[in-house]
2 protein chains.
Amino acid sequence: MRDERFCASNCPFTRAIGTIGNKWKPIIINVIGVRTIRFGQLDSIIPHISRKVLTEQLKELEEDGLLERLAYKELPPRVEYKLSEKGLAFLPILDNIKEWNAKYEIVPIPEETDYK
Amino acid sequence: MRDERFCASNCPFTRAIGTIGNKWKPIIINVIGVRTIRFGQLDSIIPHISRKVLTEQLKELEEDGLLERLAYKELPPRVEYKLSEKGLAFLPILDNIKEWNAKYEIVPIPEETDYK
DNA sequence: ATTTGTAGTTACCCAATAGTAACCAGAATA
DNA sequence: TATTCTGGTTACTATTGGGTAACTACAAAT
């Protein structure tokens, strides 16, 4: 899941891309935003992600210091995630991407759909 | 290479991540920058990328309107790439990522290396 | 006694991605 | 005549990614 050639590069930009340059992480960071959120919520809010992949991505984000994980010793278990200072500092970049996209995206021709 | 679920999402942010959210594209865009560059140069400047993958990524970037490709009908062939307006507009975002990384990166412990 | 709920983990398997090597055109150069 | 040069493409293989389903713990509710 993580490309060692990127993470161990001596180019800081390449290393940065190694940590956040995949399709799930920006989505996850964006969904969390400034709130505290539970695993199950993430799982149900983010479309098409499996619990397995979600777990992996969250683990990596935590390892890279973007995310804080708070596990309560309860049953049934409760785990809360929230962005660290580093993660929060990444949010404006995601906003920039949104603006950039809004300005330049070539809007795809919407699929023919049957509404009943 | 391209995840249809992302590109066809009705969420613009998800679509944006679908186009630039992978490890090679930010690297390629960053390497091109404001200059005009040839295929062979890209291939030799970017570490670890294979010609096959480079070709695929360039093709997608062109399809998504980030890149302009200029092929000269010569032999041996000459092909030049440069960023479009959309591509150029993405450069400041890459700069933001560099700043963000410089500020927050947890520097990896350098590997034990033998210098002779 | 059985079901429900949470946040995972694990095993298994198929699909997608990426690496490698060989090959192409055809003009210019040795 | 053989080699070099460029920007690819193709076939084949290896590696990885990711989906699915089953399973865990244990308390509380039915």
Side-chain angles (χ1 to χ4, degrees), chain A residues 1-9 14 17-28 31-32 35-64 67-82, chain B residues 1-9 14 17-28 31-32 35-64 67-82:
Chain A
M1 187 123 276
R2 233 197 306 226
D3 191 321
E4 263 315 302
R5 305 200 308 283
F6 276 61
C7 299
S9 166
T14 301
I17 297 303
T19 60
I20 48 84
N22 80 18
K23 59 187 175 197
W24 289 119
K25 285 176 186 164
I27 301 284
I28 293 171
V31 165
I32 298 179
R35 64 181 149 169
T36 292
I37 198 167
R38 295 180 60 175
F39 180 83
Q41 288 180 282
L42 282 171
D43 186 39
S44 60
I45 292 172
I46 301 173
H48 306 298
I49 201 168
S50 69
R51 295 168 93 70
K52 181 184 145 193
V53 171
L54 180 55
T55 306
E56 289 167 357
Q57 300 293 315
L58 290 171
K59 203 171 285 175
E60 289 180 10
L61 285 171
E62 198 198 346
E63 283 169 15
D64 290 329
L67 204 57
E68 283 161 25
R69 181 180 184 275
L70 217 82
Y72 297 86
K73 291 204 194 323
E74 299 174 356
L75 268 165
R78 180 160 60 104
V79 179
E80 291 180 348
Y81 292 93
K82 61 174 194 162
Chain B
M1 185 124 274
R2 235 194 307 223
D3 192 321
E4 264 315 302
R5 304 200 311 280
F6 276 62
C7 298
S9 167
T14 302
I17 296 303
T19 60
I20 48 85
N22 80 19
K23 60 186 177 197
W24 288 119
K25 285 175 186 164
I27 301 282
I28 293 170
V31 165
I32 299 179
R35 63 181 150 170
T36 291
I37 198 166
R38 297 179 61 174
F39 180 85
Q41 289 180 280
L42 282 170
D43 185 41
S44 60
I45 292 172
I46 301 172
H48 305 300
I49 201 168
S50 70
R51 295 169 93 69
K52 182 185 145 194
V53 171
L54 180 56
T55 306
E56 288 166 358
Q57 299 293 314
L58 289 171
K59 203 171 284 175
E60 289 181 10
L61 285 171
E62 198 198 347
E63 283 169 15
D64 290 329
L67 205 56
E68 284 162 25
R69 180 180 185 274
L70 217 82
Y72 296 86
K73 291 199 193 326
E74 301 173 356
L75 268 165
R78 178 158 62 104
V79 180
E80 290 179 348
Y81 292 93
K82 61 172 192 164

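Because only heavy atoms are used, hydrogens play no part in the values below, and waters and symmetry mates are left out as well, while side chains stay in. Since the model is a prediction, treat every value here as computed from it, not as a measurement. To find a chain, count down the sequence lines: A is the first, B the second, and so on, and within it residues start at 1.
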ask   = Among all residues two or more places apart in sequence or in another chain, which pass the salt bridge (Lys or Arg N to Asp or Glu O under 4.0 Å) test with Glu62(B)?
value = none
inquiry  = Rounding to an integer number of Å, can you tell me how far Leu54(B) CG sits from dG19(C) P?
reply    = 11 Å
query = Just how far, in rounded Å, is P of dT20(D) from CG of Asp43(A)?
reply = 12 Å
key: Interatomic distance, Glu56(A) CD vs dT20(D) P [rounded to whole Å]   = 14 Å
inquiry  = Assess the residue pair Leu70(B) and Thr36(B) against the criterion (side chain to side chain contact (heavy atoms under 4.5 Å, CB included)); give the C-alpha distance rounded to whole Å, side-chain angles, the decisive distance to 0.1 Å, and a yes or no.
reply    = CA-CA 10 Å; Leu70(B) 217 82; Thr36(B) 291; over 6 Å; no
message = Which residue is it: Asn22(A), Thr14(A), Asp3(A)? I am looking for the one with a side chain to side chain donor-acceptor pair (under 3.5 Å) to Lys23(B).
response = Asp3(A)
message = Please determine whether a side-chain nitrogen or oxygen atom of Lys23(B) lies at a distance below 4.0 Å from atom OP1 or OP2 of dT16(D).
response = no
Atom-pair distance (CZ on Phe6(A); P on dT17(C)), nearest Å = 16 Å
Just the table, please: protein N/O against nucleotides 21-30 of chain D N/O, every pair under 3.5 Å.
none

note = Against the side chain of Val79(B), the closest entry in dG8(D), dT20(D), dG8(C) is dG8(D)
Interatomic spacing from NZ in Lys82(B) to CG in Leu67(B) - rounded to 0.5 Å = 10.5 Å
Presence of Thr55(B) side-chain N/O under 4.0 Å of dG8(D) phosphate oxygens OP1/OP2 = no
inquiry  = Consider side-chain contact (heavy atoms from CB on, under 4.5 Å). Of Glu68(A), Arg35(A), Arg38(A), Arg69(A), which one does Glu80(A) pass it with?
reply    = Arg38(A)
remark   = Rounded to whole Å, CZ of Phe39(B) lies from P of dG7(D) at a distance of 8 Å
ask   = Glu4(B) has an atom CD; how far is it from atom C1' of dA15(C), in whole Å?
value = 15 Å
ask   = For DNA chain C, whose closest nucleotide is more 5', that of His48(B) or that of Arg38(A)?
value = Arg38(A)
inquiry  = What is the separation between atom CD on Gln57(B) and atom P on dT9(D), rounded to the nearest whole Å?
reply    = 13 Å
request  = Take atom CD of Glu74(B) and atom P of dG26(C), then tell me their distance rounded to the nearest Å.
outcome  = 15 Å
Touch class at under 4.0 angstrom, heavy-atom based, for Arg51(A) against every strand present = base
query = Tyr72(B) near the nucleic acid: base, sugar-phosphate alone, or nothing, with a heavy-atom cut-off under 4.0 Å?
reply = nothing
query = With a non-hydrogen cut-off below 4.0 angstrom, is Lys59(A) in contact with a base, only sugar-phosphate, or nothing?
reply = sugar-phosphate
dG19(D) OP1/OP2 closer than 4.0 Å to side-chain N/O of Arg5(B) = yes
inquiry  = Assuming nearest nucleotide by heavy-atom distance, tell me which of Glu80(A) and Ile49(B) is located more 5' along DNA chain C.
reply    = Glu80(A)
task = Using the six-membered ring wherever Trp is involved, compare the ring planes of Phe39(B) and Tyr81(B) and label them parallel, tilted or perpendicular (cut-offs 30° and 60°).
result = tilted
key: Spacing of Thr55(A) atom OG1 and Leu42(A) atom CG [to the nearest 0.5 Å]   = 10.5 Å
